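Report on one structure; see the data block that follows.
Note that ligands are numbered from 1 as they come in the structure, with each ligand's atoms numbered from 1 the same way. What you see is a predicted model; the values in this text were computed from it and never measured.
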Amino acid sequence: MKISPIPTLDDETNQIRQLTADLVTREVIPNEHFLRRGKEAAEVWQRIQGLVKQAGLWAPHLPEAYGGAGLGFLQLAYVYEILAWSPYSSALFGIMAPNSGNARILVQYGTDAQKKQWLEPLVEGRIQSCFAMTEPDHAGSDPRSLRTKAVRDGDSWVISGHKWMVSNASRADFAIVMCRTEDAEAGGDNERMTQIIVPTDAPGYTLVRDVPVWGEESGHHGEIILDHVRVPLSNQLGARGSGHRAAQDRLGAGRVYHCMNCVGQMWRAFDLMVRRAMEREVHEGLLETKQFIQGFIADSYMDIQAARLMTIRCAEQIERGGDARTDISAIKVFVPAALSRVADRAIQVHGALGVTADLPLEAMYRGARTLRLADGPDEVHRILIAKNVLAAYHRGDSWDFGS
Ligand SMILES: Cc1cc2nc3c(=O)[nH]c(=O)nc-3n(C[C@H](O)[C@H](O)[C@H](O)COP(=O)(O)OP(=O)(O)OC[C@H]3O[C@@H](n4cnc5c(N)ncnc54)[C@H](O)[C@@H]3O)c2cc1C
């Protein structure tokens, strides 16, 4: 797949994008059928990871001081778009969720000792992690309702609770657990939670099962019981009561990256769809000559351009230090829905091949549907958009209040 320099970007960012595109196009995409085999193809994984490190692109989301490539927020958004061409890039470039989000939180909130013990081996790929916030018995869409509790006992936190849908749980060496530490009297609604680092081999920490998601028995989304798990107070991540804010910091930037990732997936789906239409013969003609298929191509092109412009605009607002909350919610609703439509059309053009794992389309389709729930369901973001718009109008502002 080809890219052109973007005139509004500086030379350095264009070069990084080109370097990333070369690696993904030459090394990652042609090897997808090997990479799918995981550990069986360890040699291929290691070889490509070596090339990424040589190119200085390993862990692009982290500062150089912590072993990363030190890309800025906007640079990273533009690089995510390219990495997303292949589902294997994030692991090959050391930027796989939830490890990437946890590493960023450790950089921002971790003490020197926490960085040494957890961040360094995480960046080097020697250990894995997960982020445990959602609970089966309380609304994940309203994190203030969560009940997993940490009680201080001498120089320890003692944690009890029930979490689920914790991605990467079955591979993780430590979990960042969102815990209620303050009672109803203390502080505001958003100041009752604290994030605490819990080693997954701590007594009382049990991985109950991998929750099957979309028919995948081992999708690595874990259900966890914490039964009086004792960890030192020094495992507290950030100030007491700062858990909600830290989670919002993580998810805010994360949503822009998720959306740039969706845009990149759309380009890949689009590329596959157009190429298939140019070569597949049906009913005495190439698919590209059929108007239904031309409609799919045109509608997908419009979906991608609209989703991409919205996401870049939002990323630019954040880069300028502006208040992008309304636009983050807007892209979080619009972009995964656009990816659903584009992946759906690309599947249709490929016929049966489209729903096989020989192509990345069916995984894109499932992922896009999942994103309408994860990181805040669509309804919650729509409510936020309407609330902010109405508040702006009541202040006397107009539709472009966020510009
Ligand atoms: C594949 C996958 C991976 C995930 N990974 C993680 C992870 O690593 N760590 C983690 O902690 N969590 C993870 N999650 C959980 C995810 O963040 C939650 O599912 C999400 O926050 C929604 O919470 P819930 O499932 O409890 O739904 P609920 O809060 O019960 O909401 C159910 C539905 O109610 C509706 N709704 C909610 N509020 C309103 C409202 N105000 N008005 C109208 N309708 C409303 C929405 O349609 C919503 O989908 C993951 C989820 C999935 C699917």
Side-chain angles (χ1 to χ4, degrees), residues 87 90-91 95-105 122 128-148 150 159 161-180 189 193-198 200 205 207-226 237 243-244 246-252 254-255 257-258 261-262 265 328-329 332-333 336-337 339-340 362-388 390:
S90 57
I95 193 172
M96 204 169 94
N99 292 330
S100 51
N102 285 343
R104 265 201 300 263
I105 288 293
L122 187 64
Q128 298 264 339
S129 68
C130 61
F131 177 64
M133 183 159 87
T134 307
E135 300 175 2
D137 302 324
H138 304 99
S141 56
D142 180 9
R144 291 167 303 184
S145 73
L146 301 181
R147 287 289 173 274
T148 293
I159 307 167
H162 189 181
K163 301 284 187 184
W164 88 322
M165 299 308 295
V166 178
S167 303
N168 213 32
S170 53
R171 291 185 280 227
D173 297 281
F174 73 93
I176 295 179
V177 182
M178 183 70 99
C179 303
R180 180 173 289 270
D189 247 8
M193 303 289 176
T194 305
Q195 297 191 357
I196 299 177
I197 301 170
V198 179
T200 55
Y205 181 107
L207 174 66
V208 181
R209 61 172 178 146
D210 257 349
V211 184
V213 174
W214 291 116
E216 280 188 305
E217 285 301 321
S218 59
H220 303 289
H221 303 293
E223 179 172 351
I224 295 163
I225 301 273
L226 298 120
L237 191 48
H244 186 79
Q248 287 312 312
D249 282 356
R250 170 201 193 101
L251 295 173
R255 284 171 186 140
Y257 297 141
H258 275 316
N261 185 297
C262 288
Q265 291 183 59
I328 288 175
S329 286
K332 176 62 185 53
V333 176
L339 171 58
S340 272
E362 54 90 28
M364 283 180 193
Y365 186 72
R366 289 185 281 129
R369 182 64 189 85
T370 301
L371 265 184
R372 291 182 51 205
L373 298 167
D375 284 359
D378 283 1
E379 292 74 13
V380 172
H381 287 292
R382 283 193 155 94
I383 290 166
L384 254 163
I385 297 168
K387 197 173 118 192
N388 292 346
L390 289 167

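Two residues are said to be in side-chain contact when any heavy atoms from C-beta on lie closer than 4.5 Å; Arg209 and Trp164 meet this criterion. Using a 4.5 Å cut-off on side-chain heavy atoms (C-beta onward), Asn99 and Gln128 make contact. Side-chain contact between Thr148 and Lys163 is present, with heavy atoms from C-beta onward closer than 4.5 Å. A heavy-atom distance below 4.5 Å is not found between the side chains of Arg366 and Val213. Counting only heavy atoms from C-beta outward, the side chains of Trp214 and Thr370 approach each other to under 4.5 Å.
Taking all atoms of both residues into account, the shortest heavy-atom contact from Met133 to Leu146 is O-CD1, 3.2 Å. Closest approach of Ala172 to Thr200, counting heavy atoms only: O-OG1, 2.8 Å. Closest non-hydrogen pair, Ser145 versus Ala139, comes out as OG-O, 3.2 Å. The heavy-atom pair separating Phe131 from Val166 by the smallest distance is O-CG1, 3.6 Å. Across all non-hydrogen atoms, the minimal contact from Ile225 to His162 is CD1-CD2, 3.7 Å. In terms of heavy atoms, Arg255 sits closest to Gln248 at NH1-OE1, 4.1 Å.
Contact annotation for Asp378 and ligand 1: no heavy atom of the residue comes within less than 4.0 Å of the ligand. Only the side chain of Thr370 comes within contact range of ligand 1, with a heavy atom under 4.0 Å; no backbone atom does. Contact annotation for Glu379 and ligand 1: only side-chain heavy atoms (C-beta onward) come within less than 4.0 Å of the ligand. With a 4.0 Å heavy-atom cut-off, ligand 1 is reached by the side chain of Ile383 but not by its N, CA, C or O.
Atom 53 (C) of ligand 1 lies below 4.0 Å from at least one non-hydrogen atom of the protein. For atom 34 (O) of ligand 1, the protein comes within 4.0 Å by no heavy atom at all. When distances from atom 28 (P) of ligand 1 to the protein are checked, a heavy atom turns up under 4.0 Å. When distances from atom 12 (N) of ligand 1 to the protein are checked, a heavy atom turns up under 4.0 Å. Using a 4.0 Å threshold on non-hydrogen atoms, atom 20 (C) of ligand 1 counts as touching the protein.
The shortest N or O to N or O distance between His221 and ligand 1 is not under 3.5 Å. Checked against a 3.5 angstrom limit, the closest N/O atoms of Asp142 and ligand 1 fall outside it. Residue-to-ligand polar distances keep Ala132 apart from ligand 1: every N/O pair is separated by 3.5 Å or more.
When the options Asp137, Val380, Leu373 are ranked by their closest heavy atom to atom 49 (O) of ligand 1, first place goes to Leu373. By heavy-atom distance, the residue among Pro377, Ser141, Pro98, Ala247 lying nearest atom 38 (N) of ligand 1 is Ser141.
Interface of Met133 with ligand 1, defined as ligand atoms under 4.0 Å from a residue heavy atom, comprises 10 (C), 11 (O). Close approach of ligand 1 to Ala139 (heavy-atom distance below 4.0 Å) involves ligand atoms 26 (O), 29 (O).
With respect to atom 14 (N) of ligand 1, the closest heavy atom belonging to the protein is Met165 O, 3.5 Å. The protein non-hydrogen atom at the shortest distance from atom 9 (N) of ligand 1 is Phe131 O, 2.8 Å. Distance from atom 3 (C) of ligand 1 to its nearest protein heavy atom, with residue and atom name: Ser167 OG, 3.4 Å. What sits closest to atom 24 (P) of ligand 1 on the protein, heavy atoms only, is Gly140 N, 3.7 Å. The nearest protein atom to atom 15 (C) of ligand 1, hydrogens excluded, is given as Thr134 OG1, 3.2 Å; this is a heavy-atom distance.
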Please step through side chain to side chain contact (heavy atoms under 4.5 Å, CB included) for the pair Phe174 and Leu122, ending with a clear verdict. CA-CA 10 Å; Phe174 73 93; Leu122 187 64; 4.0 Å; yes

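At least one donor-acceptor pair under 3.5 Å links the side chain of Asn168 to the backbone N or O of Ser129.
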